[in-house]
There are 2 protein chains.
Amino acid sequence: MATSKRRSMPTRRELAIWRGYIETYDILRNRLEARLHQDSELSNGDYRVLLALSEAEEHTLRSSALAAHIEWERSRLSGHLGRMEKRGLVRREPCAEDARGSQVVLTEDGARAFRASTVPHLQAIKETFLDAFTDEQLDVLGEATTALRAHLGLPPVTAAGGSPRAGV
Amino acid sequence: MATSKRRSMPTRRELAIWRGYIETYDILRNRLEARLHQDSELSNGDYRVLLALSEAEEHTLRSSALAAHIEWERSRLSGHLGRMEKRGLVRREPCAEDARGSQVVLTEDGARAFRASTVPHLQAIKETFLDAFTDEQLDVLGEATTALRAHLGLPPVTAAGGSPRAGV
DNA sequence: CCCATTTGATTGACACGTGAATCATCGCTC
DNA sequence: GAGCGATGATTCACGTGTCAATCAAATGGG
């Protein structure tokens with residue numbers, strides 16, 4: 001009788017649910033990323049950076065502010081910005097107030113690319129993910145996610161983005 | 001009135017659910033991978049390769065059979081095996097029946113590393129993921145995953161692995 | 001039997017991610 | 001105002017993923 005719940009191994013059913021969750025997610029994410037790339041020549045990372053800059057004052061942010069906003073390591077952002085800069089999506093300028101700093105600016109091309117990508121991307125999210133579920137399933141999914149985030153000690157959903165339309 | 005359901009944009013609520021799903025997943029996966037790496041010096045990829053070889057006849061598989069089993073691109077597997085071979089986890093031998101082929105063999109070290117990793121890994125899955133939910137939530141999550149897989153045109157859960165204990 | 005095609009596997013070029021090391025500047029203290 | 005620790009950002013080394021190109025061996029049609 002005595003096997004304690006917390007230290008026991010997953011049952012076969014639990015494992016199946018875990019595997020389903022994890023594997024399906026991977027495929028979903030790959031499909032969406034592929035579609036975004038195909039529609040707009042943008043990666044998920046590009047999209048995230050462009051979204052943040054689009055919503056920023058003057059279409060510009062300090063590098064560290066941007067990193068904090070999208071929750072990336074600084075070195076990750078640095079490398080990514082290098083690639084985006086080569087493609088002309090953003091520009092980096094020395095920072096007036098702090099000579100160490102770097103000011104990331106959305107270029108006209110970057111803004112255009114982002115504008116062109118957002119509607120098809122949101123539609124892809126709807127068609128690929130949201131349309132799979134009934135309304136009740138969506139509710140329940142949301143609750144499960146909330147429970148999982150609490151369990152992991154995470155804040156209750158990223159309020160970020162905020163905009164009515166820009167999502168992800 | 002006429003806006004058709006399928007082509008409309010996601011609502012704010014839908015987007016929040018999407019974002020929760022995707023972001024929480026990322027964090028979960030990173031934590032589990034970090035823990036596996038910390039406990040056992042293995043990456044997810046390593047684990048998956050070792051699991052497949054452990055369950056294989058004679059602890060060996062043709063490279064292409066292995067790739068098919070774990071659903072990896074051949075080139076991805078090739079690179080990964082190169083790194084694993086350097087660490088002594090697997091060995092590659094020329095293939096008797098087909099001189100083009102390559103036979104991947106689990107080494108004693110590889111088997112040992114896998115054996116040592118599986119129990120803590122499964123416990124981590126339980127503690128990090130499964131313990132977040134009630135039984136009903138788990139059911140519902142399973143159903144949602146099933147619905148999503150169907151929507152994406154995927155087969156109903158990967159029956160693979162099979163073993164009572166080896167999961168993921 | 002020979003050659004064209006297919007197939008098994010590797011390689012190369014690149015995008016992406018992490019962590020440690022580096023380096024200049026900033027700002028504080030004396 | 002000289003020194004020194006904290007901070008902003010980049011760089012390096014590496015692991016990981018994709019796709020196209022390569023290359024040798026297998027194979028089937030004439």
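Letters go in sequence order (proteins before strands), and every chain restarts at 1.
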Undergrad: Is the distance from OP1 or OP2 of D/dT7 to the nearest side-chain N or O of A/Arg74 less than 4.0 Å?
TA: no

Undergrad: Quick one: salt bridge (Lys or Arg N to Asp or Glu O under 4.0 Å) partners of B/Arg100, sequence neighbours excluded?
TA: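 Per chain and number, B/Arg100 pairs via salt bridge (Lys or Arg N to Asp or Glu O under 4.0 Å) with B/Asp98.
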
Undergrad: How would nucleotides 18-25 of chain D be written as a contact map, 5' to 3', with B for base contact, S for sugar-phosphate-only contact and - for no contact, using protein heavy atoms under 4.0 Å?
TA: SBB---BB

Undergrad: Please give me every residue in residues 78-94 of chain B whose heavy atoms get under 4.0 Å of an atom in DNA chain D, ordered by residue number.
TA: B/His80, B/Arg83

Undergrad: B/Arg76: what forms a side chain to side chain donor-acceptor pair (under 3.5 Å) with it, not counting sequence neighbours?
TA: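 So B/Arg76 forms no side chain to side chain donor-acceptor pair (under 3.5 Å) with any residue.
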
Undergrad: With side chains defined as the heavy atoms from C-beta onward, is the minimum distance between A/Val90 and A/Leu53 less than 4.5 Å?
TA: yes

Undergrad: Just jot down the salt bridge (Lys or Arg N to Asp or Glu O under 4.0 Å) partners of B/Arg13, sequence neighbours excluded, or say none.
TA: A/Asp139

Undergrad: Tell me, please, which residues at least two apart from B/Arg115 pass side chain to side chain donor-acceptor pair (under 3.5 Å).
TA: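 Per chain and number, B/Arg115 pairs via side chain to side chain donor-acceptor pair (under 3.5 Å) with no residue.
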
Undergrad: By salt bridge (Lys or Arg N to Asp or Glu O under 4.0 Å), which residues pair with A/Glu33, not counting sequence neighbours?
TA: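 Result, salt bridge (Lys or Arg N to Asp or Glu O under 4.0 Å) vs A/Glu33: none returned.
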
Undergrad: Going 5' to 3' along DNA chain C, between which two nucleotides do contacts with chain B fall, using a heavy-atom cut-off of 4.0 Å?
TA: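 Using the under 4.0 Å cut-off, the span is C/dT7 to C/dT11.
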
Undergrad: For residues 72-95 of chain B, which residue pairs pass the ring pair (Phe, Tyr, Trp, His ring centres under 6.0 Å) check, not counting sequence neighbours?
TA: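 Sorted result for residues 72-95 of chain B: B/Trp72-B/His80.
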
Undergrad: Rounded to whole angstroms, how far apart are NE2 on B/His37 and C1' on D/dT16?
TA: 12 Å

Undergrad: Who are the side chain to side chain donor-acceptor pair (under 3.5 Å) partners of B/Thr24, not counting sequence neighbours?
TA: A/Arg149

Undergrad: Residues in ring pair (Phe, Tyr, Trp, His ring centres under 6.0 Å) with A/Tyr25, at least two apart?
TA: B/Tyr25

Undergrad: side-chain contact (heavy atoms from CB on, under 4.5 Å) with B/Arg91: which residues, sequence neighbours excluded?
TA: B/Glu93, B/Val105, B/Thr107

Undergrad: Roughly, in whole Å, what's the span from CD in A/Glu33 to P in D/dG17?
TA: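 Nearest whole value for this atom pair: 13 Å.
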
